[in-house]
Amino acid sequence: MRNVCVIGGSRYFGLNLVTLLRDSGTRVTLVNRGSTAPPPGVDHVRADRSDEAGLAAALGGRGFDAVIDQVLYTPVQAAVARRVFAGRTDRYVMTSTMEVYDPATSPRVLTTPGVPVTEEVVDPTDPAARPELPWHDPAALARHADEATRYAEGKRQAEAVLAQDPPFSWASVRSAHVLGGGARDFTGRLAHYTELIAAGRPVAVHARPQPTSFVHHEEIAAALVRTAASTAVGPLNAGSPDALDVVALCELIADRLGTTARYRVAAGADASPFSFDRWYPMDNRRAVELGLHFSPAADWLPGAVAEAAALPAQEA
């Protein structure tokens, strides 16, 4: 790929993605609202990706070998992207999420405990999987669904919009929970665990926590680049092959810190970020068969823990 557009990509693994493309000799155009300047050597287009006329005007006559969309959250944004980038690119890759498989966010999503979730569980080409929600009215949307459901359903419906008679070849990379990078991880989730465990404070977990999927921040960036350069179509699960529940994660962190993890039973929003009471860890075999690489979490998590533990307490 000689010329790639990245929408978003201003922080964390999006920034990894941009620099990885640039350092490979690709001409990169970063599209964002201008709040963050791009890295040196990267073109910059200031635009609100939800403003169709403004985005089209800002892009002008630019065309791209591929577009990688890091900040596509709703079907409305997906419809804008279809119209603006039709004729500008032959390849469109969306960064999606494993949360599309969360059975708590949709009665249509059915998972089987003990069986890793494959891409077919959420089929974006199924017209029945596109209920109408008031996406143009955030206040009404908030009354209709909770935050987790809005996020998961927004991603599901965005994929569905791209899948319907697409004007370009498209893929969605359904990312596992991204970890690593120390201060670059703006979510602070891993630092939350390292700080609690290092201080001897208990971690809030479900009574019977279920496993989830993780991916290293550098490997998800590389997977997005490789997907954009491929001909793969449709959803791809992107994550390490070994799922971990919150207790296994905490025990690994405690071992790296040379201490002992403590726990308290919690439920609902009181539970820690990676504690889940339902099953939906991902099966990554399709992505691996297409040449994407994901190391076992046990190989890279100790290094990620060390990065998080090195953060000053106020930053964590």
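Side chains are part of it too, since the values below use all heavy atoms of this structure and drop only hydrogens, waters and symmetry mates. Index from 1, following the sequence. What you see is a predicted model; the values in this text were computed from it and never measured.
Here the CG-CD1 distance, from D69 to I7, works out to 4.0 Å after rounding to the nearest 0.5 Å. Here NE2 of H216 is found 11.0 Å from NE2 of H293. Values are rounded to the nearest 0.5 Å. Interatomic distance, OG of S240 versus CG of D299, reported as 8.5 Å (0.5 Å rounding). Going from atom CG of L21 over to atom CG of L224 covers 9.5 Å, rounded to the nearest 0.5 Å. Taking OG1 of T227 as the reference point, atom CG of L292 lies at 4.0 Å (rounded to 0.5 Å). To the nearest 0.5 angstrom, S275 atom OG is 13.0 Å from R208 atom CZ.
The 12-atom threshold is not exceeded at CZ of R256, counting heavy atoms of other residues, nucleotides or ligands nearer than 6.0 Å. Atom CZ of R33 has 12 or fewer neighbouring heavy atoms from other residues, nucleotides or ligands inside a 6.0 Å radius. At most 12 non-hydrogen atoms from other residues, nucleotides or ligands lie less than 6.0 angstrom from CZ of R27.
In this structure, a donor-acceptor pair under 3.5 Å is present between the side chains of E99 and Y280. Checked by atom type, the side-chain pair S295/E219 shows a donor-acceptor distance below 3.5 Å. Using modelled atom types, one finds no donor on one side chain facing an acceptor on the other under 3.5 Å when comparing S96 with R174. A donor and an acceptor atom, one from each side chain of H177 and S213, are nowhere located under 3.5 Å apart. For the 3.5 Å distance criterion, the side chains of H44 and N32 qualify, holding a donor opposite an acceptor. For the residue pair E153/T105, the side-chain donor-acceptor check at 3.5 Å is not satisfied.
For D146, the side-chain hydrogen bond (donor to acceptor under 3.5 Å, both in side chains) partners two or more places apart in sequence, or in a different chain, are T149. Applying the side-chain contact (heavy atoms from CB on, under 4.5 Å) criterion to T260, with sequence neighbours excluded, gives no partner residue. Residues satisfying the side-chain contact (heavy atoms from CB on, under 4.5 Å) test with L244, not counting sequence neighbours, are F214, A248, A297, L301. Here A140 pairs with P134, D137, R143 under the side-chain contact (heavy atoms from CB on, under 4.5 Å) rule; sequence neighbours left out.
The nearest pair of heavy atoms linking A309 to L257 is CB-CD2, 3.7 Å. Closest of all the heavy-atom pairs between G8 and Q70 is CA-CB, 4.3 Å. Minimum interatomic distance between L20 and A222 (heavy atoms only, all atoms of both residues): CD2-CA, 3.7 Å. The minimum heavy-atom distance linking L179 with W300 is given by the pair CB-CZ3, 3.7 Å. Residues A142 and R150 share a closest heavy-atom pair of CA-NH1, 3.5 Å. Shown here for R82 and V161, the closest heavy-atom pair between the two residues is NH1-O, 2.9 Å.
Looking only at side-chain heavy atoms (C-beta outward), W170 and M94 stay at 4.5 Å or farther from each other. In this structure, T95 and F13 have side chains that are in contact, with non-hydrogen atoms separated by less than 4.5 Å. Contact annotation: the side chain of V42 never approaches that of T29 to less than 4.5 Å [non-hydrogen atoms, C-beta and beyond]. Between P273 and Y193, the closest side-chain pair of non-hydrogen atoms falls below 4.5 Å. With a 4.5 Å cut-off on side-chain heavy atoms, R156 and S106 count as touching. Looking at I197 and T259, their side chains come closer than 4.5 Å, going by heavy atoms from C-beta outward. No side-chain heavy atom of L162 sits under 4.5 Å from any side-chain heavy atom of P124. Side chains of T212 and D245 form no contact here, defined as non-hydrogen atoms less than 4.5 Å apart.
Linking ILVMFWY side-chain heavy atoms closer than 4.5 Å, directly or via other members, places V117 and Y151 in two distinct hydrophobic clusters. Cluster annotation: L59 and V80 are assigned to the same hydrophobic cluster (Ile/Leu/Val/Met/Phe/Trp/Tyr, side-chain heavy-atom contacts under 4.5 Å, transitive). Cluster membership check: L30 shares its hydrophobic cluster with F186, using side-chain heavy-atom separations under 4.5 Å among Ile, Leu, Val, Met, Phe, Trp and Tyr. Under the 4.5 Å side-chain heavy-atom criterion for Ile, Leu, Val, Met, Phe, Trp and Tyr, V67 and V225 are members of distinct hydrophobic clusters. Follow the hydrophobic side-chain contacts under 4.5 Å out from V71 and you reach V45 in the same cluster.
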* Worked verdict on M282 versus V121 for side chain to side chain contact (heavy atoms under 4.5 Å, CB included) -> CA-CA 10 Å; M282 296 188 299; V121 168; over 6 Å; no

* Full working for side chain to side chain contact (heavy atoms under 4.5 Å, CB included) between V28 and V6 -> CA-CA 7 Å; V28 183; V6 178; 4.1 Å; yes

* **Steps toward side chain to side chain contact (heavy atoms under 4.5 Å, CB included) verdict (V265, H206)** => CA-CA 5 Å; V265 175; H206 287 93; over 6 Å; no

* To do: Kindly indicate, with the supporting measurements, whether the criterion side chain to side chain contact (heavy atoms under 4.5 Å, CB included) is fulfilled by S175 and V215.
  => CA-CA 7 Å; S175 175; V215 67; 3.8 Å; yes

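Although no hydrogens or angles enter the test, the distance criterion places a donor-acceptor pair under 3.5 Å between the side chain of E119 and the main chain of N237. Side chain of W279 to main chain of T112: a donor-acceptor pair is present (N/O by atom type, distance under 3.5 Å, no hydrogens or angles). Counting only distance, with no hydrogens or angles, the side chain of R62 and the backbone of A58 share a donor-acceptor pair below 3.5 Å. Put simply, the side chain of R184 gets close to the backbone of G181: a donor and an acceptor are under 3.5 Å apart. D242 places no side-chain N or O within 3.5 Å of a backbone atom of P296 that could act as its donor or acceptor partner. T26 contributes no side-chain N or O that, together with a main-chain N or O of R22, makes up a donor-acceptor pair within less than 3.5 Å. Side-chain N or O atoms of D48 include none that pairs as donor or acceptor with a backbone N or O of G54 at under 3.5 Å. Between the side chain of R49 and the main chain of V31, no donor-acceptor pair closer than 3.5 Å is present.
Ring geometry, H217 versus Y12: the interplanar angle falls under 30°, so the pair is classed parallel (tilted spans 30 to 60°).
Residue pairs meeting the salt bridge (Lys or Arg N to Asp or Glu O under 4.0 Å) criterion with at least one partner in residues 275-298, sequence neighbours excluded, are D102-R278, D283-R285. Within the structure, the ring pair (Phe, Tyr, Trp, His ring centres under 6.0 Å) test picks out the following pairs touching residues 54-98 (sequence neighbours left out): F85-Y92, Y92-F168.
No option in T194, L196, V203 other than V203 meets the side-chain contact (heavy atoms from CB on, under 4.5 Å) test with C250.
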